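For ligands, and for the atoms within them, numbers begin at 1 and follow the listed sequence. One-based numbering along the sequence shown. Computed over heavy atoms, backbone and side chain alike; hydrogens, waters and symmetry mates excluded. For clarity, every value in this text was computed on a predicted model and none was experimentally measured.
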Amino acid sequence: MALLHVENLRKSFGGLMAVKDLSFHVEPGEILGLIGPNGAGKSTVFNLIMGTITPDQGRILFKGRDITHWPTYKIVDAGVARVFQIARYFPRKTVYENVEISAIPNEIFVRSADPRAKTVESCVRTGLCTNEHCPGDDRCLCRSELPGMLPQGGLRRLELARAIGTDPELLLLDEPFAGLSHAEVDEISHLIASLRDEGQTIVLVDHNMRGVMRLVDRIVVLCFGEKIAEGTPEEVARNPQVQEAYLAGGGF
Ligand code: ADP
Ligand code: MG
């Protein structure tokens with residue numbers, strides 16, 4: 001059974017149809033690439049899956065359950081996490097505290113029984129903290145550093161650490177390479193691949209086809225809210241409609 005089923009999803013903003021009758025599925029353990037030029041509707045699809053906006057039509061099934069009209073916190077609790085295109089963080093909290101937020105129990109989430117262990121695990125797992133003594137070491141840099149001091153790649157790791165801190169079964173990554181240097185792209189690619197190797201299911205959004213080719217198992221191509229192609233990276237790259245849209249979109 002697919003982990004996620006998106007069926008006939010439609011969303012308009014005024015006269016603009018941002019997502020048009022879109023269907024696709026995500027298999028457990030795979031990385032699905034969702035690509036298309038800017039404005040294609042990729043982030044809107046993530047907003048719909050996370051329940052931050054509601055569709056005009058269609059449904060979303062996660063592990064066979066219809067989550068279409070669930071509130072976001074319930075969708076997160078069910079096992080879906082998302083990393084935003086633009087890093088969001090609490091500027092006055094330390095890097096460690098920013099990650100801890102996803103692990104501490106609160107009135108909505110029952111979270112990890114041991115938030116401290118979970119936070120340290122997420123920090124180490126994402127390479128956010130490279131200090132091997134970090135577990136248990138309050139002098140570690142992540143305990144005093146503010147997110148504003150991190151390079152772009154560090155902010156991406158912070159977002160990833162917070163997302164995996166919720167123990168997601170499905171991880172939605174919105175343009176994780178945006179604004180990164182070549183070296184940082186390689187590092188984050190490695191991290192994404194290693195999460196996949198541990199069984200993490202991922203949907204990876206990018207506007208750049210080349211950026212995702214080496215990471216993904218399958219690709220869905222969106223253009224003006226519509227799916228114009230689906231298949232392996234090789235199949236999609238050969239697709240004439242994709243080639244046309246790709247060139248029209250300035251090589252998106
Ligand atoms: P992508 O992530 O592929 O670049 P988006 O999903 O962000 O594209 O946007 C798809 C289209 O929907 C764009 O034309 C965008 O301007 C529009 N759009 C997205 N969110 C909203 C919104 N909340 N209100 C109005 N228009 C929106
Ligand atoms: Mg977007």
Side chain to side chain, [X] and [Y], heavy atoms closer than 4.5 Å:
| X | Y | answer |
| --- | --- | --- |
| Leu4 | Ile60 | yes |
| His25 | Val6 | no |
| Val236 | Glu230 | no |

Exercise for review: Check Ala78 against Glu169 and note the closest heavy-atom contact, atom names and distance.
Suggested key: O-OE2, 4.3 Å

Point to revise | Proximity to ligand 1 by part of Leu16, non-hydrogen separation under 4.0 Å | key: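 Under 4.0 Å from ligand 1, Leu16 contributes side-chain atoms alone.
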
Among all the protein's non-hydrogen atoms, which is closest to [atom], and how far away is it?
| atom | result |
| --- | --- |
| atom 7 (O) of ligand 1 | Ser43 CB, 3.8 Å |
| atom 4 (O) of ligand 1 | Gly39 N, 2.7 Å |
| atom 24 (N) of ligand 1 | Phe13 CD2, 3.5 Å |

Review point. For the atom pair CD1 (Ile75) and CD1 (Ile49), what is the distance rounded to the nearest 0.5 Å?
Key: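 Rounded to the nearest 0.5 Å, the CD1-CD1 separation comes out at 9.5 Å.
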
Practice item. Quick one: pull up CZ in Phe177 and CG in Leu215 and give me the separation to the nearest 0.5 Å. Key: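 It comes to 5.0 Å.
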
With heavy atoms of [X] as the reference, note each atom of ligand 1 found under 4.0 Å away.
| X | result |
| --- | --- |
| Ala18 | 11 (C), 12 (O) |
| Asn38 | 4 (O) |
| Ala40 | 1 (P), 3 (O), 8 (O) |

Check your understanding: Do any heavy atoms of Gly41 fall under 4.0 Å from ligand 1?
Key ->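 Yes, that is the case, since the closest heavy atom of the residue is under 4.0 Å from the ligand.
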
**Study point:** Any non-hydrogen protein atom less than 4.0 Å away from atom 14 (O) of ligand 1
**Key:** yes

Check your understanding: Do the side-chain N and O atoms of Asn8 and Ser23 include a donor-acceptor pair separated by under 3.5 angstrom?
Key ->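 Judged by distance alone, the side chains do not pair up.
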
Check your understanding: Do His182 and Glu184 have a side chain donor and acceptor closer than 3.5 Å?
Key -> no

Practice item. Would you mind telling me which of Arg125, Lys118, Arg162 makes a salt bridge (charged side-chain N to carboxylate O under 4.0 Å, His left out) with Asp167? Key: Lys118

Check your understanding: Closer than 2.8 Å to the Mg ion (ligand 2), how many protein N/O/S atoms do you count?
Key ->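 Near the Mg ion (ligand 2), the number of protein N, O or S atoms below 2.8 Å is 2.
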
Review point. So which of Met17, Lys42, Gln85 gets nearest to atom 3 (O) of ligand 1, if we judge by its closest heavy atom?
Key: Lys42

**Study point:** Among Thr44, Thr52, Leu34, closest by any non-hydrogen atom to atom 5 (P) of ligand 1
**Key:** Thr44

Review point. Is it true that a side-chain atom of Arg157 and a backbone atom of Thr126 form a donor plus acceptor pair closer than 3.5 Å?
Key: yes

Review point. Does NZ or CZ of Arg88 fall inside the cone over Phe84's six-membered ring, less than 6.0 Å from its centre and within 45° of the axis?
Key: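 Yes, Arg88 sits over the ring of Phe84.
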
